[in-house]
Amino acid sequence: MMIDRDFRMLIGGRLVPGAARLAVENPATGDIFAEAPDASPADLDAAIDAARGAFAGWRDTPIEARRKAIVALAGRLIEEVEPMKRLLTREQGKPHKDAAEEVLGAASWLKAAASLDIPVTVNEDSAERYSETRHVPIGVVAAIAPWNYPLILASFKLGPALLAGNCVILKPSPFTPLTALKLGELAADIFPAGVLNVISGGDALGPWLTGHAGIDKVSFTGSTATGKKVMAAASDTLKRVTLELGGNDPAIVMHDVDAGAIAERIFWAAFGNAGQICIASKRIYVHEQVYDALRDALVAYARTVKVGDGADQGTQIGPVNNGLQYERVLDLIRDARAQGYAILTGDDEERTPGHFIPVTIIDNPPEDSRIVQEEQFGPVLPLLKFGDYEEVLARANACEYGLGASVWGADEEAAWALAERIESGNVWVNETRHLSPFAAFAGHKQSGFGVENGEAGLLEYLVPKTLTRKRRL
Ligand code: NAD
């Protein structure tokens, strides 16, 4: 198999080119370097028919065989890490090192999910009656992934959905379809035909999928605005939904930190993957006692960081993935400039063929500014000054999102006490973004609905079934 060409969909165990094609751009150069299939409604129907046809067989396949198949897919990914890494960088933009970590991360996530057990609860075991609650698969799952982590976020869904005994239709973003299509190709002879299908297409494909009566569950990762549309579309046939959505994560830096020592970690909390991470730190609240020191250390470090083509050696931050997001981020920077906020690093007028935006740090803009209130999802960061912990907690929590947050402080107990009061599904102390395939990951408020990862994430792909038996007729 050639990882870098010949991109086809996996439908009913066959690799199909689709009638129409979708251009895929390298965000570092602006070049169209590949074409992916642009699925038609007939392609979608074929995938859903295949999945429905395969469901009973896969559901009744012993769980040990299902585990083995998922682990085999992880193994294939590991074998192909080098070409998959290069492909991921070309379609997504991230540096090769980060791309390799994503490929291997997806493999380890699959393996971890495959090791989970499906719980059975005995409700009653008496002379009179026996009752247990099992968890059974839902049917056909639509797994919809965004463009920032196309492989690892797909793996969050595939492992538990398939282990649970569901069949899956994976739909990647039109901006990053290629690695997902190759994942499908790697899986083609591992799973029975129809168990895993991968389809790519343009903007119409997502709504077709979520509105299709043949889908029983939608597992979606993407923006909050799209998540609301997915939920509305799911209501018609009462599809189950899991939504992992946007965030505007606060980081609170306490008065007792050593600013010089943490600056680099804070920098990467915000600018990793060019800021295109749902759980990137997107608002940094810094205590006034350490504000100047941290600001200066961040700016000094930012000047050492190499922004460039992810395929070039030494690149630490790649381009923004696509033109739409590039314009969105530039718009926020231009607004900050128009409002007269102090911009410490970065220059939005720097133009190259790719979607490059220099690391941009904004000095203490007002709390109600767009750059503080909106999810930037790009390499621009507001630093905000505070003096009172109750006040900063209120500012951190005054947000429609509740995905992640972090607190940084030498007094761990004091930091933990603040962390306990932040309204978010994930709060870290003295680090950020640590995720485990065994720990629940869930967004509060408008950051999500439902859970991924761990047993709670697995249960999202199952429905409870309680069986009760009277001991005597
Ligand atoms: P997006 O919502 O534009 O697209 C996500 C996916 O949904 C893509 O595959 C897209 O083609 C598809 N889609 C678009 N419209 C649809 C519709 N009406 N119905 C069904 N599917 C549709 O998001 P994006 O721009 O790709 O990703 C960035 C956003 O994702 C950010 O807000 C980020 O915070 C969020 N995100 C969240 C998590 C998380 O785990 N909570 C992880 C990564 C990204």
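All ligand and atom numbering here is 1-based and tracks the order in the structure.
Contact check on Arg90 versus Asp31 returns no salt bridge, with no Lys/Arg side-chain nitrogen under 4.0 Å from an Asp/Glu carboxylate oxygen. A salt bridge links Arg52 with Asp216: the closest approach of a Lys/Arg side-chain nitrogen to an acidic carboxylate oxygen falls below 4.0 angstrom.
When the ring-ring contact (aromatic ring centres under 6.0 Å, His included) test is applied to Tyr341, no partner is found at least two apart in sequence or on another chain.
Using bins of under 30°, 30° to 60° and over 60° for the plane-to-plane angle, the ring pair His355/Tyr326 lands in the tilted bin.
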Donor-acceptor contacts, no H, no angles, side chain residues 392-399, under 3.5 Å, sequence neighbours left out:
residue: Arg395; atom: NE; partner: Glu367; partner atom: OE1; Å: 2.9
residue: Arg395; atom: NH1; partner: Lys385; partner atom: O; Å: 3.1
residue: Arg395; atom: NH1; partner: Glu391; partner atom: OE2; Å: 2.7
residue: Arg395; atom: NH2; partner: Glu367; partner atom: OE1; Å: 3.0
residue: Asn397; atom: OD1; partner: Glu423; partner atom: N; Å: 2.8
residue: Asn397; atom: ND2; partner: Arg421; partner atom: O; Å: 3.0

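Pairs passing the salt bridge (Lys or Arg N to Asp or Glu O under 4.0 Å) check and including a residue from residues 155-165, sequence neighbours excluded, read Lys157-Glu452.
Each of Ile144, Ala145, Pro146, Trp147, Asn148, Leu153, Lys171, Pro172, Ser173, Pro174, Gly206, Pro207, Thr210, Phe220, Thr221, Gly222, Ser223, Thr226, Lys229, Val230, Glu244, Leu245, Gly246, Gly247, Cys278, Glu375, Phe377, Leu403, Phe441 has a non-hydrogen atom positioned under 4.0 Å from some atom of ligand 1.
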